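Step one of this worksheet: look at the structure below.
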Amino acid sequence: MATAATASAPASASTSAACDAPSASSSCPAAVCLVPFRWWAGVREEAAEEGGVRYAATPAASPSYYGLRLLHSFLHPDLVLRLDRGECRASATSGGSRSYALVPADELSRALARQNSSLALHNKHLFAEDSAGAYPLVLRISVRETSILTVKISKKDNPVDNYKRANKMFNIDSQPVHVWDFSGQTNLILMNEWNRSHQDYCHSEQENLLEVQVYAMSDSLTFKIGGTSMNVDMSCGNFGRVSSMGLIGLENLGNTCFMNSSIQCLAHTTKLVDYFLGDYDSDINRTNPLGLNGELALAFGELLRSLWTNDRNTVAPHNFKAKIACFAPQFSGFNQHDSQELLAFLLDGLHEDLNQVKCKPYEEAKDASGRPDEEVADEYWRNHLARNDSVIVDTCHGQYKSTLTCPTCNKTSVTFDPFMYLSLPVPSMAKRTMTVTVFSTDGSREPFSYDVSVPKFGTLSDLVQALSAACSLGGDESLLITEVYNNCIIRYLEEPSDSVSLLRDGDKLAAYRLPKQYEKSSLVVFTHKHFAEHSGVDNFVTPQMKEFEAPLLASLPEAVNGLTLQEIYLKLLNPFRFSKIISSSTDCGRGDSDCAVYSMDAAGDCAVNLMDTTPSSSDGNVHSAQLEDGPERNQCNDNSCEVMEGPSETYCGEADVSDKEAQTEQFGFYLTNERDDVQRTKIEMNDLDLLEAKPNRLHVSVNWQHSASKQYDVSMLNNLPEIHKLEVIPKGTEDSVALHVCLEAFLKEEPLGPEDMWYCPCCKKHQQAMKKLDLWRLPEVLVIHLKRFSYTQFTRNKLETFVDFPISDLDLSSYITTENEQPYNHYRLYAISSHYGNMGGGHYTASIYQEGKGWHKFDDECVTPISEDNIKTAAAYVLFYRRE
């Protein structure tokens with residue numbers, strides 16, 4: 001945050017913690033510092049127009065008895081002072097060791113320059129954070145009477161250490177304290193209160209926030225930065241500003257650091273500087289309906305000329321901001337915005353204001369029709385230049401090849417489109433481990449939970465791809481991933497481009513293996529309830545209906561009736577059924593090795609000889625039964641043998657032919673809706689006209705009888721695991737990616753989103769085509785936007801990935817697809833727009849390279865040299881390259 005004081009603003013108004021900029025107000029006051037008055041009286045200008053206003057500080061009302069005073073300070077920990085305004089003015093000889101002065105930061109800077117202070121200042125942030133004894137302090141000021149102010153220093157507004165230091169400094173019990181205001185801030189607060197109505201004045205004690213930078217722990221301001229001192233030219237009134245043409249800062253008008261960062265990058269683009277420092281008035285197109293009547297170009301030209309003069313301290317871009325707000329209302333006010341969004345608006349607006357084409361011809365794009373790419377590309381470029389001719393086009397416009405391929409008929413469409421900047425995705429190495437349970441839809445295998453790793457900010461497509469590999473998905477299968485809650489599927493995750501960040505750690509996912517053609521067929525979704533033991537009064541155990549967690553799903557056949565639904569459901573339950581063992585022999589006795597053991601499937605039929613040592617050729621999910629001797633486990637007679645295994649019964653001899661009828665009676669089927677919250681219609685098994693029309697998804701609720709629960713292992717239905725917590729690769733290894741990797745991710749082939757469907761002329765309908773981009777023609781100045789911010793309906797994220805970008809030699813020759821001779825495609829970095837912080841709040845700066853002067857950091861009004869080794873940070877957001 002800004003270290004110098006901000007304007008006094010009502011505490012009731014929303015104050016932005018998102019940016020280091022001063023708070024918005026009707027005027028933009030200077031920063032304020034608190035220094036020892038004795039020191040200030042000795043160094044301030046001899047011919048000062050006016051002295052300061054004196055205030056005597058006394059404690060606010062509190063008990064006089066010492067014990068009660070301690071109790072009061074415990075219950076009310078804030079430091080509260082009463083400032084009584086004096087009638088006399090300050091003189092250069094008055095004051096004492098317990099007197100302090102509120103002074104404007106620019107006047108303090110000039111005083112330091114005159115005294116040749118050894119204070120070394122890199123910028124305003126270092127002044128606050130690295131200077132010995134210096135710290136920011138937030139004051140809450142309210143008006144009690146006509147000439148009395150109440151100042152509150154709260155622990156809520158200030159770090160604990162700063163609060164303690166303020167307590168020591170304003171310890172009024174030890175000796176009197178006086179404060180002299182040379183900044184005019186207290187006068188401003190009093191005037192604002194005097195202008196309010198009497199009613200408001202009497203009933204509202206409105207607090208005004210004032211942030212000051214305190215240098216009052218000693219009478220000397222000879223601080224050192226990092227153990228060394230520097231001689232810095234501060235004659236301009238800016239801390240750390242270097243007096244040189246082109247190295248002039250921009251004042252922050254209130255959360256306008258995003259605008260200042262973009263302006264500085266454009267204002268140091270050599271071709272634009274030469275253009276706007278020359279005679280450009282004749283190029284302004286005031287009749288362009290797409291332009292801004294030339295006003296944006298004039299305002300930008302005036303601002304750029306102000307930044308390239310020697311007689312300026314800093315520039316306050318009030319007029320330019322007003323023009324921006326006039327033509328782009330989204331940038332009005334004092335909210336924080338995206339520097340790249342403003343940059344895009346500026347480039348487009350400047351182009352239209354300076355477009356030399358007064359009457360744009362209509363040029364119909366022709367199909368390639370098998371012509372060479374070079375011929376088609378040149379035709380598109382000529383058409384583009386016939387409608388667009390400006391210094392922005394000459395400087396920043398390039399061309400890429402776009403190829404669309406229909407997934408159904410393989411129809412290919414090739415176009416060559418212009419671009420003004422490249423927005424590159426930033427791949428992140430941070431991974432998220434997610435647990436998903438996969439169910440079959442034909443009863444062929446048991447459900448299984450898989451842990452898969454996907455990019456932290458990846459898409460559902462990434463999740464499907466990882467899960468398909470984990471479960472060995474067949475080529476003729478597809479996965480339908482769903483979010484499950486309370487026995488119901490509450491969401492079908494079918495949009496590949498949706499972010500996995502929409503899924504919370506506590507959510508539960510179920511995936512279903514379906515035939516590829518499931519999109520063309522209807523689905524039946526079974527939600528089910530079973531009886532579970534419940535302890536009631538006096539520990540009396542009673543069965544109670546309880547919902548299973550995981551629904552089951554299958555494809556719906558053409559003919560749907562009660563028996564069909566029952567057969568589908570019983571088939572889905574196959575993997576959960578306890579084994580039924582059948583042993584058959586003409587003479588079965590205990591320990592008889594010739595007794596054959598069979599597994600009974602869900603339909604009650606003998607299926608597999610479990611005693612056969614030959615491996616099963618089915619799905620491999622059949623488990624051998626372990627037979628144990630003993631009177632309780634094996635009961636045989638001459639005709640039959642019964643083996644008990646777990647909770648289910650196993651029979652030797654002839655299978656029970658009434659098993660299907662028994663299973664039918666164990667389940668009740670009801671038609672319901674997707675949430676299972678309507679009055680249900682019971683499905684009769686002999687009902688042949690169950691549905692008038694087959695729905696896309698048929699929802700069936702199944703009630704289990706008490707006996708059914710004993711025949712199935714329902715642990716997987718009852719205990720669906722949650723998604724795992726985030727697991728990030730250790731710091732230092734996860735967030736590092738080369739710029740070339742970002743470029744390759746931008747150029748790779750990927751499907752269009754559902755909202756960007758392409759109309760295929762052969763299929764005569766919109767298709768989700770595959771899109772491939774290739775660079776074809778590069779501009780003189782290449783602007784690269786790193787897509788660090790992602791927005792959805794529910795989430796906002798920022799990627800902190802460190803992008804390793806070249807500084808002196810960005811070679812893009814290998815990415816140009818054309819074989820014709822192209823200009824030298826090697827670039828040098830000359831400007832960076834950086835964003836520090838997160839989505840909730842942050843600050844923009846710019847780093848600029850000038851020939852012969854090296855790199856400088858532009859932090860609003862502060863301009864300081866910076867080493868080339870320090871310009872690569874994870875905050876880099878927009879990169880500006882010029883062709884070498």
Side-chain angles (χ1 to χ4, degrees), residues 259 261-278 280 283-285 288 290-292 294 296-297 299-301 303-304 307 324 328 338-357 360 377 380-402 416-424 739 742-743 746 773-787 805 810 812 815-816 822-833 846 848-849 876-884:
M259 182 181 74
S261 175
S262 298
I263 290 174
Q264 293 289 11
C265 292
L266 287 181
H268 289 83
T269 300
T270 304
K271 197 165 185 178
L272 296 183
V273 172
D274 295 341
Y275 180 81
F276 281 100
L277 291 181
Y280 66 93
D283 291 342
I284 294 180
N285 187 345
N288 186 357
L290 299 178
L292 307 175
L296 182 63
F300 181 79
L303 180 59
L304 186 142
L307 294 175
I324 292 290
D338 191 321
S339 68
Q340 187 274 332
E341 292 180 359
L342 176 69
L343 177 67
F345 167 77
L346 287 180
L347 289 175
D348 187 61
L350 291 174
H351 159 64
E352 295 297 349
D353 270 1
L354 300 171
N355 194 353
Q356 298 302 290
V357 179
K360 297 185 178 183
Y380 271 84
W381 189 247
R382 286 193 302 270
N383 292 343
H384 176 65
L385 296 183
R387 297 172 56 85
N388 303 277
D389 181 15
S390 71
V391 65
I392 302 299
V393 173
D394 298 339
T395 306
C396 301
H397 280 208
Q399 187 181 34
Y400 59 74
K401 175 184 176 182
S402 176
F416 293 85
D417 303 312
F419 67 84
M420 195 154 40
Y421 54 85
L422 297 178
S423 290
L424 306 186
L739 181 63
C742 301
L743 185 58
F746 171 73
L773 295 178
D774 295 289
L775 298 180
W776 189 267
R777 181 180 277 106
L778 295 179
E780 290 292 321
V781 171
L782 178 62
V783 180
I784 296 179
H785 164 224
L786 301 176
K787 297 170 67 174
F805 47 86
L810 173 63
L812 298 178
Y815 297 98
I816 304 299
Q822 290 284 328
Y824 191 59
N825 292 312
H826 290 249
Y827 288 83
R828 176 180 175 81
L829 183 73
Y830 73 91
I832 307 171
S833 175
I848 309 291
Y849 175 81
Y877 183 43
V878 183
L879 308 176
F880 291 76
Y881 284 91
R882 60 169 168 252
R883 180 177 278 124
E884 292 184 331

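Quantities reported herein were computed from a predicted structural model and do not represent experimental measurements. Because only heavy atoms are used, hydrogens play no part in the values below, and waters and symmetry mates are left out as well, while side chains stay in.
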For Phe419, which residues count as a ring pair (Phe, Tyr, Trp, His ring centres under 6.0 Å) partner, sequence neighbours excluded? Tyr400
Sorted by chain and residue number, the ring pair (Phe, Tyr, Trp, His ring centres under 6.0 Å) partners of His785 (sequence neighbours excluded) come out as Tyr877
Do Leu810 and Leu879 come close enough that some side-chain heavy atom pair is under 4.5 Å? no
Quick one: pull up CD in Gln340 and CG in Leu347 and give me the separation to the nearest 0.5 Å. 9.5 Å
With heavy-atom distances below 4.5 Å as the criterion, would you say the side chains of Ile832 and Phe805 are in contact? yes
Going by heavy atoms in the side chains, are Val391 and Asp283 under 4.5 Å from each other? no
Using residues 348-355 as the side-chain source, report each donor-acceptor pair under 3.5 Å to any protein atom, sequence neighbours left out, with the distance given to one decimal.
unit_1	atom_1	unit_2	atom_2	d
His351	ND1	Ser390	OG	2.7
His351	NE2	Asn388	OD1	2.9
Glu352	OE1	Asn288	ND2	2.7
Asp353	OD1	Leu292	N	2.7
Asp353	OD1	Gly294	N	3.2
Asp353	OD2	Leu296	N	3.2
Asp353	OD2	Ala297	N	3.2
Asn355	OD1	Val357	N	3.2
Asn355	OD1	Asp389	N	2.9
Asn355	ND2	Arg387	O	3.2

Applying side chain to side chain donor-acceptor pair (under 3.5 Å), can you list everything that pairs with Ser262, at least two apart in sequence or on another chain? none
Please tell me if the side chains of Tyr849 and Arg882 come closer than 4.5 Å, counting only heavy atoms from C-beta onward. yes
Spacing of Phe276 atom CZ and Lys271 atom NZ [to the nearest 0.5 Å]: 12.5 Å
Can you tell me how far the NZ atom of Lys787 sits from the CG atom of Leu424, to the nearest 0.5 Å? 9.0 Å
Does the side chain of Thr395 come within less than 4.5 Å of Tyr275's, by heavy atoms? no
Just jot down the side-chain contact (heavy atoms from CB on, under 4.5 Å) partners of Arg883, sequence neighbours excluded, or say none. Leu778, Glu780, Pro823, Asn825, Tyr827
Partner set under salt bridge (Lys or Arg N to Asp or Glu O under 4.0 Å) for Asp774, not counting sequence neighbours: Lys772
Here the pair of heavy atoms bringing Ile848 nearest to Gln264 is CD1-O, 3.8 Å
Can you tell me how the ring of His384 sits relative to the ring of Trp381, calling it parallel under 30°, perpendicular over 60° and tilted otherwise? tilted
Taken to the nearest 0.5 Å, the spacing of Leu739 CG from Ile784 CD1 works out to 5.0 Å
Checking Ser833 against Ser339 for the side-chain hydrogen bond (donor to acceptor under 3.5 Å, both in side chains) test, could you report, in this order, the C-alpha distance in whole Å, the side-chain angles of both residues, the deciding distance, and whether it holds? CA-CA 8 Å; Ser833 175; Ser339 68; 3.3 Å; yes
Under a 4.5 Å cut-off applied to non-hydrogen side-chain atoms, are Phe746 and Leu773 in contact? yes
About how many Å separate CD of Gln399 and CG of Asp417, when rounded to the nearest 0.5 Å? 8.0 Å
Provide the closest heavy-atom pair for Tyr830 versus Cys265 in the form atom of the first, atom of the second, distance. CE1-O, 4.1 Å
Straight-line distance of Cys396 SG to Leu266 CG, nearest 0.5 Å: 7.5 Å
Which heavy atom of Gly301 sits nearest to which heavy atom of Tyr280, and what is that distance? CA-OH, 3.3 Å
Shortest non-hydrogen separation from Leu829 to Tyr881 and the atoms involved: N-CD2, 3.4 Å
